[in-house]
2 protein chains.
Amino acid sequence: MNIAEVARKYDLTQDTLRYYEKIGLIPPVNRTSGGTRDYNEHDCGWVDFIKCMRSAGVQIEALAEYVRLCQLGDSTIGERKEILMRERRRIADQIAEMQGTLNRLDAKIEHYARDIVPAQRELFASSVSEHTHAQ
Amino acid sequence: MNIAEVARKYDLTQDTLRYYEKIGLIPPVNRTSGGTRDYNEHDCGWVDFIKCMRSAGVQIEALAEYVRLCQLGDSTIGERKEILMRERRRIADQIAEMQGTLNRLDAKIEHYARDIVPAQRELFASSVSEHTHAQ
DNA sequence: CGCGGATTTGGTGTCAACTCCAGATGCTAA
DNA sequence: TTAGCATCTGGAGTTGACACCAAATCCGCG
């Protein structure tokens with residue numbers, strides 16, 4: 001697969017693919033004799049994995065370190081697992097936080113939904129806050 | 001409340017508070033006669049709300065638009081609700097995506113956990129991929 | 001009132017994560 | 001073989017979201 005196909009497949013730009021490789025976010029990609037990138041299945045697997053992690057907000061730094069360790073052989077398995085577990089925890093925390101925000105938003109939306117319609121609202125007139133901080 | 005207290009309370013820098021106000025992420029804050037910011041409860045409510053939304057990844061642009069509409073009065077209630085619902089959906093989508101990533105990470109971690117220990121691994125020697133793309 | 005620390009503004013700096021560019025080289029089809 | 005489009009590299013530019021700074025102003029206290 002050439003870089004254009006991979007870019008289409010994973011919805012990334014060619015620049016981003018080259019950038020990820022340059023900074024070590026994916027290991028060096030397979031090349032043709034002429035030097036152009038020719039992604040094999042292994043390379044695609046990495047792109048897929050990294051894209052998934054990135055879009056979940058995993059830091060580039062952590063991923064680059066993970067990739068580096070992968071290239072160093074089996075002695076780094078422990079460290080790799082550490083990284084994955086650390087990022088796993090980070091994501092879980094963030095999900096929890098977002099869930100809280102979601103609830104808060106729901107309350108606010110709910111409020112707007114069954115709230116006093118504009119016409120009735122006039123009665124309250126100069127009330128300072130026309131929005132409500134449903135906590 | 002002066003800006004220092006608010007910054008401490010919400011774990012933001014004074015610069016960030018001023019920045020948020022400057023770009024319209026929170027409405028203009030109450031001031032003393034001399035011109036220094038003097039946050040009242042209303043202002044604090046906004047800071048709290050915005051901080052929550054921001055740390056869940058809601059775009060500054062959407063929030064600024066919401067704040068702008070809030071300042072325009074009741075005729076914008078419909079639009080405001082639209083924005084909140086749109087962002088709600090975005091967050092829900094992102095949670096779902098992150099949940100997927102979490103599962104994928106779990107599979108990988110699990111793999112590392114009960115995987116062949118280094119010693120045994122030697123048997124497989126030159127295997128190309130010492131990492132595994134558990135899909 | 002005077003002083004020192006807090007706060008103000010406008011502006012510049014920083015950092016991550018791309019994104020774009022130019023000039024050179026590779027690849028493919030006629 | 002060659003025209004023309006794709007891809008290459010190194011480096012510069014962009015964007016979002018702040019962080020930092022200097023010089024001026026404010027505020028509380030003795």
Side-chain angles (χ1 to χ4, degrees), chain A residues 1-40 43-44 46-47 49-68 87 90-91 94 97-98 101, chain B residues 1-40 43-44 46-47 49-68 87 90 94 97 101:
Chain A
M1 270 185 125
N2 65 29
I3 196 169
E5 290 168 327
V6 176
R8 262 196 302 283
K9 181 167 179 186
Y10 295 105
D11 193 30
L12 297 169
T13 69
Q14 299 184 16
D15 270 314
T16 300
L17 284 169
R18 278 188 285 259
Y19 169 69
Y20 279 179
E21 189 178 346
K22 177 152 67 178
I23 65 171
L25 242 189
I26 51 178
V29 166
N30 183 44
R31 305 275 183 139
T32 66
S33 56
T36 72
R37 290 175 180 79
D38 184 21
Y39 293 75
N40 59 28
D43 298 321
C44 287
W46 271 109
V47 172
F49 173 65
I50 291 299
K51 195 206 166 179
C52 178
M53 295 300 131
R54 283 297 297 135
S55 53
V58 178
Q59 301 300 332
I60 278 188
E61 199 177 24
L63 292 173
E65 175 68 1
Y66 177 74
V67 171
R68 197 181 64 79
E87 296 309 317
R90 248 192 253 274
I91 293 176
Q94 214 177 332
E97 192 171 3
M98 292 172 81
T101 305
Chain B
M1 271 186 125
N2 65 28
I3 196 170
E5 290 168 326
V6 176
R8 261 195 304 283
K9 181 168 178 187
Y10 295 105
D11 192 31
L12 296 169
T13 69
Q14 299 184 17
D15 269 312
T16 299
L17 284 169
R18 280 189 284 259
Y19 169 69
Y20 280 178
E21 189 178 348
K22 178 150 68 176
I23 65 170
L25 243 189
I26 51 180
V29 167
N30 184 45
R31 304 278 184 139
T32 66
S33 57
T36 73
R37 289 175 181 80
D38 184 20
Y39 292 76
N40 59 27
D43 298 321
C44 286
W46 271 108
V47 172
F49 174 65
I50 292 300
K51 195 206 165 179
C52 177
M53 295 299 130
R54 282 298 297 135
S55 53
V58 178
Q59 299 300 331
I60 279 188
E61 199 178 26
L63 293 172
E65 174 68 1
Y66 177 74
V67 171
R68 197 181 65 78
E87 295 308 317
R90 249 191 253 273
Q94 213 176 333
E97 192 172 1
T101 304

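Quick note on labels: first sequence line is chain A, next is B, and so on, each numbered from 1.
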Q) Think A:Asn2 has a side-chain N or O under 4.0 angstrom from the OP1 or OP2 of D:dA6? A) no

Q: Determine the contact category for A:Ile23: base if any of its heavy atoms lies under 4.0 Å from a base atom, sugar-phosphate if only primed atoms, P, OP1 or OP2 are that close, otherwise nothing.
A: nothing

Q) Side chains of B:Arg18 and B:Ile3: does their closest heavy-atom pair fall under 4.5 Å? A) yes

Distance-only criterion, 3.5 Å: show the donor-acceptor pairs between side-chain atoms of residues 55-63 of chain A and protein atoms not counting sequence neighbours.
residue : atom : partner : partner atom : Å
A:Ser55 : OG   : A:Lys51 : O            : 2.9
A:Ser55 : OG   : A:Cys52 : O            : 3.2
A:Ser55 : OG   : B:Glu97 : OE2          : 3.1

Q: Kindly give the heavy-atom pair with the smallest separation between A:Tyr39 and A:Cys44, and that separation in Å.
A: CB-SG, 4.1 Å

**Q.** Nearest-Å distance for atom pair NZ/P, residues B:Lys22 and D:dG16
**A.** 16 Å

Q | Contact under 4.0 Å: B:Thr16 side-chain N or O vs D:dA17 OP1/OP2 | A | no

Q: To the nearest Å, give me how far apart CD1 (B:Ile26) and P (D:dC18) are.
A: 12 Å

Q. Hey, does the side chain of A:Arg37 come within less than 4.0 Å of D:dT7's phosphate (OP1/OP2), counting only N and O?
A. no

Q | Separation of D:dA17 C1' from B:Glu61 CD (nearest whole Å) | A | 13 Å

(Q) Looking at B:Asn2, is its backbone amide N or carbonyl O close enough to the side chain of B:Asp38 to form a donor-acceptor pair, meaning the two atoms are under 3.5 Å apart? (A) no

Q: Before accepting this row, confirm whether a basic side-chain N of the pair A:Arg90/A:Glu87 lies closer than 4.0 Å to the acidic partner's carboxylate O.
A: yes

Q) Do B:Glu65 and B:Arg68 meet the salt-bridge criterion of a basic N to acidic O distance under 4.0 Å? A) yes

Q. Earliest and latest nucleotide of DNA chain C, 5' to 3', sitting under 4.0 Å from a non-hydrogen atom of chain A?
A. C:dA17 to C:dC27

Q: Mind calculating the distance between CD (B:Gln59) and C1' (D:dA17) to the nearest angstrom?
A: 11 Å

Q) In a check of side-chain contact (heavy atoms from CB on, under 4.5 Å) between B:Leu25 and each of B:Tyr66, B:Tyr20, B:Tyr19, which one passes? A) B:Tyr20

Q: To the nearest Å, give me how far apart CD (B:Gln14) and C1' (D:dC26) are.
A: 14 Å

Q: Find the distance B:Glu21:CD to D:dC18:P and express it as a whole number of Å.
A: 15 Å

Q. Can a side chain N or O of B:Arg31 be found less than 4.0 Å away from OP1 or OP2 on D:dC26?
A. no

Q. What's the CZ-C1' distance between A:Arg18 and D:dT7, to the nearest Å?
A. 6 Å

Q. Taking the nucleotide of DNA chain D with the closest heavy atom to each, which residue, B:Arg54 or B:Ser33, is nearer the 5' end?
A. B:Arg54

Q.
By nearest heavy atom, map A:Ile60 and B:Ile3 onto DNA chain C; which one lands nearer the 5' end?
A. B:Ile3

Q. DNA chain D: B:Asp15 or B:Tyr19, which has the more 5' nearest nucleotide?
A. B:Tyr19

